[in-house]
Structures are given as structure tokens and as C-alpha cells.
Amino acid sequence: MDISDRISQVIAENSVMLFMKGSPDFPQCGFSGRAVQILEACGVEFSSADVLMDQELREGIKEYSNWPTIPQLYIKGELIGGSDIMMEMYQNGELKQKLDAMKD
Amino acid sequence: MVTPENIKEWIEKNLAESEVKVSGDGRHFDAVIVCAEFSGKSRLQQHQMVYAALGDKMKDDIHALSMQTMAPEDRVEELEVNK
């Protein structure tokens with residue numbers, strides 16, 4: 001299974017999927033840490049993958065999404081963006097809306 | 001080492017009619033980009049347009065870039081809000 005199949009499978013199987021540096025308990029980068037805080041503030045369960053532990057994933061995810069930075073958040077398979085966009089959506093309520101819509 | 005001026009230049013060169021303000025410490029940068037081509041685009045698409053303008057620079061030279069993107073009409077609203 002090549003890397004992009006692996007990625008699409010992970011994204012399909014996890015409705016809220018965060019590709020990050022480090023883990024939620026031990027983020028290894030400020031932006032990844034902020035992404036985790038935002039999801040925790042929304043009180044949503046999410047899965048995460050540590051790209052620092054998997055170089056193939058680290059490069060593969062950037063190709064897959066045409067998004068050159070980490071973290072990357074996916075909700076129901078859709079790329080939401082990095083921590084900037086997550087923060088903006090969190091502040092204007094869009095993120096909560098997307099997450100609530102996912103529950104129905 | 002990459003400077004804010006480099007980033008401003010790279011973006012403005014590849015993103016027509018864009019107005020860019022960049023600050024940063026050589027590793028982490030903050031950019032505000034106003035561009036006519038952003039209108040009607042989602043925040044995600046706007047950011048992808050900036051990344052495309054930066055191309056490989058994003059892979060090699062720029063470690064962290066925070067972005068605020070807006071179309072000219074959004075900026076006008078934003079300025080009024082801050083009054």
C-alpha cells in the first residue's frame with residue numbers, strides 16, 4: 001500500500017484526524033500544540049498521527065493535500081487547514097459548527 | 001537566512017496585485033496578505049495560493065509562516081471594525 005492510500009485510509013477511518021508533530025500530550029511544535037488546544041477546547045474526540053515518527057508520512061501528507069506545513073486537520077475527510085485557519089474558524093464559531101454538523 | 005523582505009518579494013512576485021506585510025525573526029514569520037484574487041475564495045484556498053506563490057521556499061527555507069489572508073473588500077470591513 002503506497003503512502004497516499006495509507007493516508008486516505010487513515011483519513012476515512014477517523015472523522016476528526018490531526019496530523020501533527022509530536023502527540024497531543026507532548027506536542028513538539030508550537031503550531032501543533034495550538035491545534036491540539038483548539039480541538040480540546042471544542043471538547044471533540046480526535047485521532048492524531050505524529051509525523052516526526054514517520055518520515056514517509058511527513059512528506060506524503062504534504063503531497064497528498066498540496067499543503068506544505070504541519071499540522072493538518074481533516075474533518076470527515078476534508079482538509080480544514082493548519083493552525084492559523086483552525087484558530088480563525090474557532091474564533092468565528094465555524095469550527096464548532098463543522099464539528100456539530102458531523103455528529104448528526 | 002530568510003528575511004521578511006525576501007518573503008514579501010517572493011509572494012508579491014508570484015501573486016498578482018498582492019499587498020504583503022511580513023515580520024519575523026528568521027525562522028518564524030507572520031504575513032498579512034491582501035489580494036484581489038482572494039475574493040470569493042475560501043480561507044484554505046487563499047492560503048494555498050500563497051503557498052503556491054512561495055513554492056519550494058516553503059519546503060526548504062521557511063520553517064514557520066503564520067498567515068492572515070484577505071480580499072480587498074474584507075480588509076475595508078476589518079478596518080471599520082477596529083475603529
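The model shown is predicted, which means the values in this text are computed figures rather than measured ones.
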Could you check whether A/Asp2 pairs with A/Arg6 (Lys NZ or Arg NE/NH1/NH2 to Asp/Glu carboxylate O, under 4.0 Å)? no

Any residues in residues 55-88 of chain A near chain B, with a heavy-atom distance under 4.5 Å, and which are they? A/Glu63, A/Ser65, A/Asn66, A/Trp67, A/Pro68, A/Thr69, A/Leu79, A/Ile80, A/Gly81, A/Asp84, A/Ile85, A/Glu88

Supply the atom-to-atom distance B/Ile62 CD1 to B/Tyr51 OH, rounded to the nearest 0.5 angstrom. 9.5 Å

If the contact rule is any heavy atom under 4.5 Å from chain A, which residues of residues 11-50 of chain B qualify, in numerical order? B/His28, B/Arg43, B/Leu44, B/His47, B/Gln48

Turns out that what part of B/Ala64 lies under 4.5 Å from chain A's heavy atoms comes down to both

Would you mind checking which part of B/Leu65 comes under 4.5 Å of any heavy atom in chain A, side chain (CB onward), backbone (N, CA, C, O), both or neither? backbone

How long is the span from the CD atom in B/Glu5 to the NZ atom in B/Lys8, to the nearest 0.5 Å? 9.0 Å

Looking at OG1 of B/Thr69 and CG of B/Asp74, how far apart are the two atoms once the value is rounded to the nearest 0.5 Å? 8.5 Å

To the nearest 0.5 Å, what is the distance between CG (A/Leu99) and CE (A/Met102)? 5.5 Å

So which part of B/Met58 gets closer than 4.5 Å to some heavy atom of chain A, the side chain, the backbone, both or neither? side chain

Are A/Val36 and A/Met20 packed together at the side-chain level, in the sense that at least one heavy-atom pair is separated by less than 4.5 angstrom? yes

Is the backbone of A/Lys21 close enough, under 3.5 Å, to the side chain of A/Ser32 for a donor and an acceptor to pair up by distance? yes

Is the side chain of A/Asn14 donor-acceptor paired with the backbone N or O of A/Val10 at a distance under 3.5 Å, no angle test? yes

Please determine whether side chain to side chain donor-acceptor pair (under 3.5 Å) holds for the pair B/Thr3 and B/Asn6, giving the CA-CA distance in whole Å, both sets of side-chain angles, and the decisive distance to 0.1 Å. CA-CA 5 Å; B/Thr3 66; B/Asn6 297 139; 2.9 Å; yes

Tell me, do A/Phe19 and A/Ser48 make a side-chain contact under 4.5 Å, heavy atoms counted? no

What distance do A/Glu94 atom CD and A/Met89 atom CE have between them, rounded to the nearest 0.5 Å? 4.5 Å

